[in-house]
Amino acid sequence: MAIDKSRIRDFPPISITVKDGDGGELLIGASRQTVAGGSEVEVRRELLGLVVAHARTGGSPVRVTTRDQESIGVLLVSPEGEIEEEYSESLEETVEPVPAAAETPRLKPQASRGEGPAVELAPPGEAADSFDSIVKSLEEGDAAPPAEPPAPATVRRSLRDSQSFLAVQDNIEPARKGWQGKANTFGLSLAPGAAELAERADEDLVSRTYSGPRTVAVVNQKGGAAKTPTTVCLAAVFGRAGGSVLAWDNNETTGSLPWRVERGDHASSALHVLERASHLLSDTARAADINAFVHRQTADKYDALFSDQDIDGEHEITASEVDVLHAVASKYFNVILMDSGNNHRAANWRQMISHTDQLVVSTTTVEDRVEGARLTLQGLAGRDGRTAQLAADAVVIVSQEQPGHEKLAQLHAEKFRPYVREVHVIPFDPALKDGVIHFGALRPATQRAWLAAAASVAKGL
């Protein structure tokens, strides 16, 4: 349905500027809002989502001036999320000015009543019609037709500098959620609201593919800091997004990851991978060979590699063995999430950090777990330059230990914000407390919080 232009509000003026590789800016009157990071498509989507929200607040369509590195234009945006292009012009299109054509006399009616037509004399210095021709035109009652203006001169340019003639258009899928999504079930095609656009942007981030394997380490030198649930939930988000994902229990002895995930029809662990590493790393190994050593999570679409579960075992994973295990994991998986033990001085813990691309520090709302997270970051920040940068770029995830800890979780989150890249709070959810964690069993708000956290992790990969 076309936007009713008679209802358009032109005040306050609205403009959008998309900057090359540097986000964008929305101006509504004197109010300014910036959008940073992400691709140009993501920036445009977020800015237009804000405009739709503004139009919805006023209850009528608005006119928006747009500008980017290549063009300027005008869009019409309705409260329902409809967008129409009213005007568009390339900034590179230049035409040489054409000299004004010589003026010729024109006959025009007098303003006062009862008088005959008047003659508009040519400007001084220009040729004027003869007296006889003027009289003749008065008698015949016909003025000379206006002269056709000369065609504008065409500027020739090199085809090597030409740009694509294809229209750059991002067709946004209609809303699936919110009141717009409900309305669309009745045959409408409303655009998504700002909240759904933000959710889609997070989904796009976790769905990205990488040119090589990426490793995420989940750490806290204090036990009971939700490292394993954090590893499981992040793996589930990336796995459900379509990636090849491994959750690896990098504990020097017996870790807790096998207690929180599904078990396969075998009892293999990291020790069994070490025994067969030469084959798994060989050119003759097949992609499916790794399935004999990992445990598939059927609904959440990721695999789990267990630590040794033999209570009588004496083997502790060494630094060199971490290198071998990581080489195997890197061959078969794109995203590797490493759960860790509590001994930050152990060789396997320190070697894990050397393979890490993104550090995640998990904690609960219990005070000593929060302090453990701080000490872990502080210790890493004091090491070599690369490790210190991992600490500065870390993502901290604060999981609420009990119901009613919302304010406490936010309080702890604020303590970390000055020191790391991003901080996320996960609401309390009984499905995270005990037993096997199935992402689909979590509450919608919990799932959305984990998606946002995973998107922040993806930004560092």
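Predicted model, so just to flag it, every value in this text is computed and none were measured.
H54 pairs with exactly one of L26, V62, V77 by the side-chain contact (heavy atoms from CB on, under 4.5 Å) rule, that one being V62. Under the side-chain contact (heavy atoms from CB on, under 4.5 Å) rule, P192 has a single partner from R200, E173, Q180, R45, which is R200.
In summary, the side chains of S269 and D308 do not present any donor paired with an acceptor at a separation below 3.5 Å, with no hydrogens or angles considered. Looking only at atom types and distance, the side chain of E316 has no donor-acceptor partner in the side chain of T318 under 3.5 Å away.
In terms of heavy-atom proximity, G341 sits nearest to N251 at CA-ND2, 3.5 Å.
Side-chain atoms of N220 never come within 3.5 Å of backbone atoms of V361 as a donor-acceptor pair (strictly under, hydrogens ignored).
Remark: R386 CZ is packed, more than 12 non-hydrogen atoms of other residues, nucleotides or ligands lying under 6.0 Å away. Remark: K331 NZ is packed, more than 12 non-hydrogen atoms of other residues, nucleotides or ligands lying under 6.0 Å away. No more than 12 heavy atoms of other residues, nucleotides or ligands sit less than 6.0 Å from atom CD of E367.
Contact check for V457 versus V237: no side-chain heavy atoms found under the 4.5 Å cut-off. No side-chain heavy atom of N184 sits under 4.5 Å from any side-chain heavy atom of R176. Side-chain contact between D300 and V245 is absent, with no heavy atoms from C-beta onward closer than 4.5 Å.
From F306, atom CZ reaches atom NE2 of H266 across 8.0 Å, with rounding to the nearest 0.5 Å. Note: S307 OG to I317 CD1 = 8.5 Å, rounded to the nearest 0.5 Å.
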Audit row: N348, E321, side-chain hydrogen bond (donor to acceptor under 3.5 Å, both in side chains) steps and yes/no: CA-CA 8 Å; N348 69 310; E321 288 173 335; over 6 Å; no

Evaluate E401 against R369 for salt bridge (Lys or Arg N to Asp or Glu O under 4.0 Å), listing each step before the verdict. CA-CA 11 Å; E401 179 77 10; R369 275 67 164 181; over 6 Å; no

Stepwise side-chain hydrogen bond (donor to acceptor under 3.5 Å, both in side chains) check, T363 with H412: CA-CA 10 Å; T363 182; H412 289 315; over 6 Å; no

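Legend: residues meeting salt bridge (charged side-chain N to carboxylate O under 4.0 Å, His left out) with E80, ordered by chain and number and at least two apart, are absent.
With salt bridges taken as basic N to acidic carboxylate O contacts below 4.0 Å, none links D289 and R276.
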Could you list the donor-acceptor pairs under 3.5 angstrom formed between side-chain atoms of residues 3-17 and any protein atom two or more places apart in sequence or on another chain?
from: D4; atom 1: OD1; to: S6; atom 2: N; distance (Å): 3.1
from: D4; atom 1: OD1; to: S6; atom 2: OG; distance (Å): 2.6
from: D4; atom 1: OD2; to: S6; atom 2: OG; distance (Å): 3.1
from: R7; atom 1: NH2; to: G59; atom 2: O; distance (Å): 2.9
from: R9; atom 1: NE; to: S60; atom 2: OG; distance (Å): 2.7
from: D10; atom 1: OD1; to: R63; atom 2: NH1; distance (Å): 2.6
from: D10; atom 1: OD2; to: R63; atom 2: NH1; distance (Å): 3.0

